[in-house]
Asks: 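Take this structure first; my questions come after.
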Amino acid sequence: MQTHDAKRVAIIIEAPMEKRLTRALDQADVTGYSILDVKGGSGRSGRWSGAGHIGSANGMVQVVCIIRPEKLDGLLESVFSVVDKHIGVVSVSDCQVLRAERF
Amino acid sequence: MQTHDAKRVAIIIEAPMEKRLTRALDQADVTGYSILDVKGGSGRSGRWSGAGHIGSANGMVQVVCIIRPEKLDGLLESVFSVVDKHIGVVSVSDCQVLRAERF
Amino acid sequence: MQTHDAKRVAIIIEAPMEKRLTRALDQADVTGYSILDVKGGSGRSGRWSGAGHIGSANGMVQVVCIIRPEKLDGLLESVFSVVDKHIGVVSVSDCQVLRAERF
Amino acid sequence: MDGILSLALANLTSPLILSFVLGFVAALARSDLTFPEAAAKALSLYLLFAIGFKGGVSVSDHGVDGSLGLALLAGVVLSFLLPIIGFPVLRTISGLDRTNAAVVAAHYGSISIVTFVAGTSVLESQGIASEGYMVAVAAAMEAPAILSALWLISRGEGDRRMDAELWREILLNGSIVLLIGSFFIGMITGQDGLREIESFIVSPFKGALCIFLLDMGLIAGRGLRGRGGGLSLGVVAFGIIMPLIGASLGAGTGVLLGLTTGGVMLMMVLCASASYIAVPAAMRVAVPEADAGIYLTLSLAITFPFNLALGLPIYLAVAKALTGA
Amino acid sequence: MDGILSLALANLTSPLILSFVLGFVAALARSDLTFPEAAAKALSLYLLFAIGFKGGVSVSDHGVDGSLGLALLAGVVLSFLLPIIGFPVLRTISGLDRTNAAVVAAHYGSISIVTFVAGTSVLESQGIASEGYMVAVAAAMEAPAILSALWLISRGEGDRRMDAELWREILLNGSIVLLIGSFFIGMITGQDGLREIESFIVSPFKGALCIFLLDMGLIAGRGLRGRGGGLSLGVVAFGIIMPLIGASLGAGTGVLLGLTTGGVMLMMVLCASASYIAVPAAMRVAVPEADAGIYLTLSLAITFPFNLALGLPIYLAVAKALTGA
Amino acid sequence: MDGILSLALANLTSPLILSFVLGFVAALARSDLTFPEAAAKALSLYLLFAIGFKGGVSVSDHGVDGSLGLALLAGVVLSFLLPIIGFPVLRTISGLDRTNAAVVAAHYGSISIVTFVAGTSVLESQGIASEGYMVAVAAAMEAPAILSALWLISRGEGDRRMDAELWREILLNGSIVLLIGSFFIGMITGQDGLREIESFIVSPFKGALCIFLLDMGLIAGRGLRGRGGGLSLGVVAFGIIMPLIGASLGAGTGVLLGLTTGGVMLMMVLCASASYIAVPAAMRVAVPEADAGIYLTLSLAITFPFNLALGLPIYLAVAKALTGA
Ligand SMILES: Nc1ncnc2c1ncn2[C@@H]1O[C@H](COP(=O)(O)O)[C@@H](O)[C@H]1O
Ligand SMILES: Nc1ncnc2c1ncn2[C@@H]1O[C@H](COP(=O)(O)O)[C@@H](O)[C@H]1O
Ligand SMILES: Nc1ncnc2c1ncn2[C@@H]1O[C@H](COP(=O)(O)O)[C@@H](O)[C@H]1O
Ligand code: NA
Ligand code: NA
Ligand code: NA
């Protein structure tokens, strides 16, 4: 089956920054992404768990974008402008997609 | 530690199609997969968010299968038969697995 | 934008083993990981779904660690000590990260 | 007329409607107020269980007579008919293509259980009785409209996409099963059963409905903000005209069946309301190329609020006039 | 005998059982009716809090005497003993291997708190009092059976897998902590405390239990559909025989301890019921090679419904006969 | 003095506090008892809706006079002032850097709605009335403190990070919108509206609050275990001293405004309590370099329990003394 090269960018970021990040993505013309809940984790700022939390100040989300390779740099720059001072991990990996016309 | 080549297929699809997709996977003899909730996202059909939704018509899920490379084509074909006309993103990436006898 | 090589390890494991796994990661000096809920799936032990379950005996979680390549072997060994007899899938893939000083 | 106005005003200043308005306004103002999905789902299961149970108890009180069968039959026929009536109307005033028009029309043959629940709640505060079996009619009307939509589409294209599996899914969808199931439980256990769980399903019911409507307001408001701008005037107009057409047919049917004032009103509510759970889920699977943004938004953000705020008092006033109450 | 039958019938047509049946049937019919996990969890915490609190208040009313200590001790001993009694029975009639048989047997030494709650609910509707501290006995019986299972396994293999950490997890698992904690809160605050929160934990209790049993029915039905076919006849038989063995021992113990009719019945229920929360979670960690499909399905889809539908009225009738009530 | 002690004791043995203690102890003992996030969120929406609604009804009963405006103004001024007063105190006793100190101080200008709810609950059980509009004052005090914190930071650095978007987010955050919205619903529908949903928002309220406090205890205990050790003595001391400073200012303001005993007490509670929802969320965005471990832990695990267990009875006793009740 015919597949096409693409990049998969996964950004783990604090829930209160979610809207700012997706706005930055929209502005960078990245209109395809999915958001998954992160229910706990650990990092330089220690462990945390969403269990029982009542505000959103404490949670994190993972935003996944699959994009054409040539759009990667633009995306990373606009992501970086948001993530910069913030807690968060950005990882990029290669992938193949079906139906390239969608991206 | 000894690892083995494998493929990681991630399919993002509408929640009402979940059962049809997993049935297609079962029929293609792909019996290992995991399903994760997607809580929101954006695509050609605009933004959406699961927050507060009461039916499942609006949600999406991510189905992740890790398979032996030689099974990829069969899998993609049966996935495609389901995803075809539907909203959804299919991405494939290389990975390594422990305990290859499990796949 | 400057990126650095890294490994992305994804471990799908039974919820009751989550704490044991993260303890093993902490002991292997892997302090960065995120935990996502898995809401259903299928494997050699059949299909399952979290829907409506009341205990945690039945659920699974996905633990994702992004680490420097040189730390991979240590991580896999300590993961293996926990996952060994247990249900669970461990996959490793290559990725790039921003801000390598964080890892 | 005066009656309608004062009823409408009383309705508009009830905690139920105001809760919906609060959610609606909060969403339009882009507040981050949200209801956890799980809580909204649980609340909707509670409402279904309670409404079904109470309907069953009321049938056990009054016994089942032939009118139940007739009402069920009438409901099924109306559910089939309404999309077929709505389809040409919608095509004419909106210019939607055949597929989208058929799918939108299907929503109006099916029902919105929350509108129904709000209707029973209005009846209760006015002390007006109604046939307990209207709950069963509601359940019976959920699905037939889907068939009409597929028939409308296939007339153009000549294909069908409904397989046995999809039918099973639709007919055994959670809402229908819970509604019918709790209806039977209520019928079997009657007043004795009701007494045991009254303080769970009766007393807190209205307050729980307030919270649920708050959430519905949030969803409707977000829908309108997200996609509302994209709805053409013709489509929006349909979202208000069609309930009135449906209600008229419902009123006629109710009177023909000899229902009580409350029964006529509820039959009107069922015909006037549009599905936003069962039908959209089925359409996603069967007609993926239809634009969910249109049908979900129209049903949730236009028709639902219209029925809630203006429809209910109108339907009640008409039902009163027709039954001479 | 006649008493049992009419009791059984009354039980079978109570909203509680019918709700369970509704869920069970919906699952077998492959309806997509599901309960959000979070809501089910929240409901179970509510039930635990309410049952613990009410038990505590009742102890504060009647004071603590020596019988509490004796009952606790008896509960712990029975929890140890029941798996050891069940193990050879299961091996004989099912041919399961040592590990799986031991793990299954462990579930029957521990308890199902929902069965216990349903039991108190049956007592309440019959106006029969019971010892408030039975809640504490329930908590005490959750864990010891696990030890018996590990001992049974190790006799064959000579290894143990329980570390201090796992013990801490089991003894401080959420259900035990909440049950014991709310028991103490009830004991400390007594009737005054109860009055403050009565309309939260007493009046809506039975209705909430209905909804919870509906969900249990869904889970049991899905379990049976998924794995039920895989359970051998011997295993299924064990799921019905073992409760009866347990109940007999519980009855004897209850009478020896001089408990009231209600207390004897609840002791029988505790011994007859099988764990599906605490023990499975511990077994997943300690004995991963055991087949969760067997123990979860048996406990949830066979023993739980059996106790709920037939066990409770039988146990009550026997308790009445034994205590001459 | 004696009054305070007996009040404190009554408070400490109420189901509310004991539920909190149970959660706290369970978390410290590392029990896996957890509350699903969705359920906790839903419960908090319920509490906000109920408290807002009841406040509105009470205003509709007594009419609005000038004192409402004055109280709102006073609340806003206090919210601005408290961080500016707290900041040098905190810097002196803890040695935190400017940024972290400003951010921590901001939490004490804002309010904790659960502490407020617990305060109204104490008043209710003592049969003491209070101004219904205190709910509106609570809402008004949520946000201004954030501005003070940013001003304190910018004096050192000369930059600001608040954009229009963030302001909108803060002012329209879910809690504020729900509180104000349900306050208006209560005001509009008055006693009639209350009667309709009373058995949902009044009778089960205290029990629901127990469950919520149980969860708060779990969160506070986990916070303390995770990060508590890392809080310096000076920071912890601030978490107890600052509420007392705030309460004193609140008491003075309440008396100057001529509030009732209940009103004075609630004003003290608002000033004494520290935010753990609105302010942390804003600070995460606006001042990401501040250490969330400090401000969240302090507010949740030190100040909240202190206010709940000791603060409330003290504030009530002082309010009584000052108003001669
Ligand atoms: N290396 C990593 N791999 C996966 N997730 C991470 C990693 N580092 C941090 N995270 C996630 O990001 C959150 C904040 O990280 P940090 O800013 O390092 O405290 C953690 O709690 C994790 O959820
Ligand atoms: N490029 C992408 N990367 C990640 N998720 C995507 C992408 N495109 C679409 N999606 C997801 O699939 C959903 C439907 O996409 P679409 O069919 O393009 O509207 C979106 O709402 C996203 O959740
Ligand atoms: N190949 C796979 N790809 C993704 N997830 C898997 C795979 N195999 C197993 N899983 C997950 O791990 C769980 C247990 O697997 P198993 O031990 O094979 O029964 C399954 O229910 C899935 O959630
Ligand atoms: Na309709
Ligand atoms: Na037992
Ligand atoms: Na304050």
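The model shown is predicted, which means the values in this text are computed figures rather than measured ones. Here is how names work: the chains are called A, B, and so on, in the same order as the sequence lines, proteins then strands, and each is numbered from 1.
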Asks: Of the non-hydrogen atoms in F:A26 and E:V177, which two are nearest, and what is the gap between them?
Replies: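 Taking F:A26 first and E:V177 second, the nearest heavy atoms are CB-CG1, 3.6 Å.
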Asks: Can you tell me which portion of E:E169 sits under 4.5 Å from chain F's heavy atoms? Options are side chain, backbone, both or neither.
Replies: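 It is neither, since no heavy atom gets under 4.5 Å.
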Asks: First locate atom CG of F:L22, then atom CG of E:L178, and finally report the distance between them rounded to the nearest 0.5 Å.
Replies: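 Spacing of CG (F:L22) from CG (E:L178) equals 6.5 Å.
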Asks: Tell me, do F:S14 and E:T189 make a side-chain contact under 4.5 Å, heavy atoms counted?
Replies: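 No, their side chains stay 4.5 Å or more apart.
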Asks: Which atoms of E:I201 are under 4.5 Å from chain F, going by heavy atoms: the side chain, the backbone, both sets, or neither?
Replies: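 When you check distances to chain F, no heavy atom of E:I201 falls under 4.5 Å.
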Asks: Keeping E:K41 on the side-chain end and F:A39 on the backbone end, is there a donor-acceptor pair under 3.5 Å?
Replies: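 It does not hold such a pair.
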Asks: Testing the basics here: between E:L172 and F:S31, what is the closest heavy-atom pair and its distance to 0.1 Å?
Replies: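 The answer is O-OG, 2.6 Å.
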Asks: What distance separates E:L45 CG from F:L214 CG, expressed to the nearest 0.5 Å?
Replies: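 Result: 8.0 Å between the selected atoms.
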Asks: F:S199 versus chain E, heavy atoms under 4.5 Å apart: side chain, backbone, both or neither?
Replies: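 Neither; nothing under 4.5 Å.
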Asks: Can you find a pair of side-chain heavy atoms, one from F:I211 and one from E:F200, that are under 4.5 Å apart?
Replies: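 They are in contact (side-chain heavy atoms under 4.5 Å apart), so the answer is yes.
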Asks: Which heavy atom of E:E196 sits nearest to which heavy atom of F:P15, and what is that distance?
Replies: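 Residues E:E196 and F:P15, closest heavy atoms: OE2-CD, 3.7 Å.
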Asks: State, to 0.1 Å, how close E:F49 and F:C210 come at their nearest heavy-atom pair, and which atoms those are.
Replies: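 Looking at all heavy atoms of both residues, the closest pair is CZ-CB, 4.2 Å.
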Asks: Return the CD1 to OG1 distance between E:I188 and F:T13, rounded to the nearest 0.5 Å.
Replies: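 Answer for the CD1-OG1 pair, E:I188 versus F:T13, is 8.0 Å.
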Asks: Of the non-hydrogen atoms in E:A38 and F:P36, which two are nearest, and what is the gap between them?
Replies: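 In this case the closest contact between E:A38 and F:P36 is O-CG, 3.4 Å.
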